[in-house]
Structures are given as C-alpha cells and as structure tokens.
There are 2 protein chains.
Amino acid sequence: MQQRIKAVLRLREMILDGELAAGSRLSEPMLAELIQVSRTPVRVALVQLEHEGLLELLPGGGYRIRVFAEKDIFDAIELRGTYEGLCARYAAESGASALELERLAGHIAGIDEVLESDQLSEGDFLRYMEINQQLHDCVIDMAHSPMLAEAMNRIVTLPFASPSAFVLVHAEIPESRHVLTIAQHQHHSLYEAIADGEGSRAEAIAREHARSAKRNLQIVLRQQDAMDRVPGLQLIKRG
Amino acid sequence: MQQRIKAVLRLREMILDGELAAGSRLSEPMLAELIQVSRTPVRVALVQLEHEGLLELLPGGGYRIRVFAEKDIFDAIELRGTYEGLCARYAAESGASALELERLAGHIAGIDEVLESDQLSEGDFLRYMEINQQLHDCVIDMAHSPMLAEAMNRIVTLPFASPSAFVLVHAEIPESRHVLTIAQHQHHSLYEAIADGEGSRAEAIAREHARSAKRNLQIVLRQQDAMDRVPGLQLIKRG
DNA sequence: AACGGCATTTTTGTATACAGACTCGACCAG
DNA sequence: CTGGTCGAGTCTGTATACAAAAATGCCGTT
C-alpha cells in the first residue's frame, strides 16, 4: 500500500480512537515515528485531515487535534441532514427507477428483519448500522448527482460515527429499541415519499430523521461516563 | 509570504483564469518552474485544490484539472443555496441582535444605492458584487455557527465566481438590470424574514435566491461565445 | 499499414538534509 | 521571590536526491 494512504488511514484512526490526546499538538517527527513512514506522507495526511475538519492549523504553524463543542456536533448533524434532505429531494424528483426503488426497499426490509429480534444483541446493532449505512448511501446514489455525492464526503467526519461507537451507544441506553423503531418508521416514510415522487416530503423526512439522531446523541452525552466508553466522544468538549 | 500559500493562490488563479488548459494533466516539475517554488509546496497545493474540487486525482497518480458538466455546476449552486438557506434559518431562529440586523440592512442599502444609477457601469457591477459578497457573508456570520461557516468553505469553489467574471456576465446580458433588481428584492425579503425571526421563510427565500442565480447562469451559458470571454467558464463542458 | 512489445525517459512518491522560526527552560537581575 | 532575557533544542517549511512506476515513442513483426 502507498505510504501516503497508510498515513492518512492510521492518523485518522489514532485520532478517532483517542490514541492521541484530543487538543494536543501533533509533531511531524513524532507521527512519522509512530506510523513508521517519513515526514513527507505525514505532511500530506495532515493537510488532508485538516480539510476533513479533524485537525486545525495553528497560527504559528503546525497542527492540533480539534476539539468540538457540543454545538459544533449538533450543527454538523443538522447540516448532514439538510444535505441528505437535498439528495432525497433529487431522488424523488428525478424519478427513481424500479431497480433503484427495489434496492432501497431491500435495505429497509433488512432493517425490519433485524428489529424482529426480541432482544437486540451486539451483532444486531452492528448489522443495523451496516444496512443503515447502505440505505443512506443508496439515497445519495439515487440523487444521480456526482457533485452532491462528492460534497457529502467533504462534510466534517463526525467523530463518533464508527460502527463500534454505534454499538456502544445503543447497548448503553435503555431507549435504544424505541429510538431504532422510530428511525425505521422514518425510513419507510422516506421510501414512500421518494417512490411517489414527492420531493418536498422526502426532504422534510430526511431532515427530521437527522434531528432524531441529534436528540439521540443528546441522550448519550447526558450520561456522565459516555466519553470513556464510546470512541470518538473524547473529541467533544462537554458544555 | 510562505511559498506554500503562494503556490495555492497562484495555482488556483492559473486554473480559474484558464492559463492552464481545462482537463490537462499537471506535472509537478512544470508547476514548480511556473510558480518558481520547489516541488514540495506545489505538492501541498495540489492536495489542497483537489479537496477544493478544482482538481481530480488520477488513478495511476498525478492530478488533472477538473472539467465540470453543466449539471455539476447547477447542482453546486443548488447545494450552496441549501447551505445558505440553513444559515438564514439559524440567523432568524437564533434571534439576530440589533447590531447585526443593522449591518445587514447597511449592506442591502448599499446595493440599493448602486442600483439607483440609470445606466450601470462596470464600476457599479464591481461594487454590487463586492457588497453582495459582504451581505452573504453577513448572513453566514449571523448563523453563529462556526461549523456551518466552515462547511461553506468546503463546498466546491465555483469556477466562475470571480468579480471579473461577474462583471463580464452582467455587462453582456441585456437582462442584467432586471436580474439584479429581482435579486435585491429577495435580499429585502430575506432581511424581513430574519428580523421577524421566521426561520422557514428565511430559508425558503435564500434557496429561491440561489435558484435565480442558476437561471441567470443558464442565460449566460446559452450565449455561444460566453466561454471565451468569461474567465472560469472554460472549465464547464457544454452539454 | 497497423498492432504489440520493449527500451527510454519523464514523473510520481518517498526519504532526507538544511535553514529559519519557534518553544521552553534556565539563569540572572531587580 | 518574581520577572525578564538569553540560549539550547526542537520543529516547521523548503529544497533536493533517489528509486519505483508510469507514460512515451520506436522498432520489429504480422
């Protein structure tokens, strides 16, 4: 593998997993030593992660691991929802093909299956997360807009959006089942809106879906020890 | 000035002004020679402009100046409008301060002044463009969300959004006066919605404002020779 | 004449050396 | 004891050297 890609992947991983202290300054020689590459690929990785929003460039030069305020994260989720709403609108208004609708329905049915379990296991959470990701990607694809798909990747990488974090979050909160059921209702509504070509409704549902995610995060953040257990949350400064 | 910044600014300028052929592959030694820096800052600039969306990374390595389809540009404008709409909503709902509203009103009044001229000169267009930029930045500031402000900068740099392009566009199309007047009406409506705290209305107006810009661009693109005269348009492949 | 393979030559990716800027700490003066 | 200043050490930014990969063009073959 190319050193440059190795550096980006490893550095991102180290930041999100908390191997590097949130807010700390990063020195190129240190990272080069940790990742076992020279300073050049490290430098490229730093530039890239700064654009992704995980690092900030210091005035005097050098980089620091960014610390997010709670509001930053909520705004980022709102933004993501707005953006997905636009994709949903495009998907509905561009006239989805039968094949695409079938794929979308397939993902939703997959989640229905997962939720049939009486007691949700860790594996169930992982599977939900996996299908959920595919479902959202599917809606983005259905917008048929390379520009929108690309812009999605430019939005700040949400620091807690890893599968393992998802599992931990849902394994911890008692409302988990309720929360996922509501989300799935929204998925069904979204499908109908897109299938019926109702752009405005599809957009509204996608945005509301993101607002639900915001509320869920709030529940998690209220638990005092969440930060210690959920990878990524250490990047959020408690308000 | 730092070489790294020099490289980014100069490279972006060369791309947008058409000094480098759209779609052409860029070699680092060539750029280093052109910009009069070594390959290292050139490389950083390439990474950065790829994230800005002006370059694309080739599979085998190396970069190429990106060529946009017309749809890409329209989608980017729609996206920008959606983001600005979200900012406008935040601005309205967070309760704008008297000082902020005054600043916003000031910008709008400035544009009113420009539009009072019987015949709009090139200077008038430039001044309109300048104030218009301040006005839009002002709305983004009023959202009080660093995250949204930052995301705005991550959206693809629109290849024709330079002041000189604006002047050329408006000097060429006969509908110019009409177009600017409509835009200014939207500015006034937006102010009222924000001042009244009507988030949904503010958002709708901002989005409609962007759709108007889309229509104006369509008018320009229909003129066969537009590409030759307006810097940046050579990056758009005619459909 | 067209196509494919091989050699040449450029280009990228990577490593490293060097100069200037900055940081941090120790030491000295008040 | 406190504050400032000086200096050693470290870091960033930049340039450049080197190897592997890719593109190019040429020649032979079909």
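Owing to the predicted nature of the structure, the values given are computational and were not obtained by experimental measurement. Just so it is clear: chains get the letters A, B, ... in the order the sequence lines come, proteins before strands, and each one is counted from 1.
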Of residues 43-54 of chain A, the positions that come close to DNA chain C - non-hydrogen atoms, cut-off under 4.0 Å: none
Rounded to whole Å, how long is the line connecting atom [atom1] of [X] with atom [atom2] of [N]?
X: B:Arg64; N: C:dT11; atom1: CZ; atom2: P; answer: 17 Å
X: A:Leu31; N: D:dT10; atom1: CG; atom2: C1'; answer: 15 Å
X: B:Lys6; N: D:dG13; atom1: NZ; atom2: P; answer: 17 Å
X: A:Tyr63; N: D:dG13; atom1: OH; atom2: P; answer: 6 Å
X: B:Leu26; N: D:dA22; atom1: CG; atom2: C1'; answer: 17 Å
X: A:Glu28; N: C:dC22; atom1: CD; atom2: P; answer: 16 Å
X: A:Leu57; N: D:dT12; atom1: CG; atom2: P; answer: 11 Å

Residues forming a side-chain contact (heavy atoms from CB on, under 4.5 Å) with A:Ala91, sequence neighbours excluded: A:Met142, A:Ile194
With A:His187 via side-chain contact (heavy atoms from CB on, under 4.5 Å) - residues at least two apart: A:Ile108, A:Ile111, A:Tyr128, A:Asn132, A:Leu135, A:His136, A:Gln184, A:His209
Ionic contact status for A:Glu100 with A:Arg103, cut-off 4.0 Å: no
Full working for salt bridge (Lys or Arg N to Asp or Glu O under 4.0 Å) between B:Glu203 and A:Arg207: CA-CA 14 Å; B:Glu203 177 167 4; A:Arg207 289 177 72 162; 2.6 Å; yes
Set of side chain to side chain donor-acceptor pair (under 3.5 Å) partners for B:Asp137, sequence neighbours left out: B:Gln133
By side chain to side chain donor-acceptor pair (under 3.5 Å) - contacts of A:Lys237 (at least two apart): none
Sugar-phosphate only, base, or nothing, as touched by B:Leu58 at under 4.0 Å among non-hydrogen atoms: nothing
Sugar-phosphate only, base, or nothing, as touched by A:Ile5 at under 4.0 Å among non-hydrogen atoms: nothing
[X]: what forms a salt bridge (Lys or Arg N to Asp or Glu O under 4.0 Å) with it, not counting sequence neighbours?
X: A:Arg39; value: A:Glu28
X: B:Glu150; value: A:Arg66, B:Arg154
X: B:Arg127; value: none
X: B:Glu52; value: B:Arg12

Under 3.5 Å, which N/O atoms of the protein pair with N/O atoms of nucleotides 6-9 of chain D?
none

Nucleotide nearest A:Gln2 when distance is taken to its side chain, options C:dT11, C:dT14, D:dT12: C:dT14
Residue pairs passing the salt bridge (charged side-chain N to carboxylate O under 4.0 Å, His left out) test where at least one lies in residues 216-225 of chain A, sequence neighbours excluded: A:Asp225-A:Arg229
Return the polar atom pairs (N/O with N/O) between nucleotides 15-19 of chain D and the protein under 3.5 Å, or none.
residue: D:dA15; atom: OP1; partner: B:Gln3; partner atom: NE2; Å: 3.2
residue: D:dA15; atom: OP2; partner: B:Ser38; partner atom: N; Å: 2.9
residue: D:dA15; atom: OP2; partner: B:Ser38; partner atom: OG; Å: 2.7
residue: D:dA15; atom: O5'; partner: B:Ser38; partner atom: OG; Å: 3.4
residue: D:dA15; atom: N7; partner: B:Thr40; partner atom: OG1; Å: 2.6
residue: D:dT16; atom: O4; partner: B:Thr40; partner atom: OG1; Å: 3.4

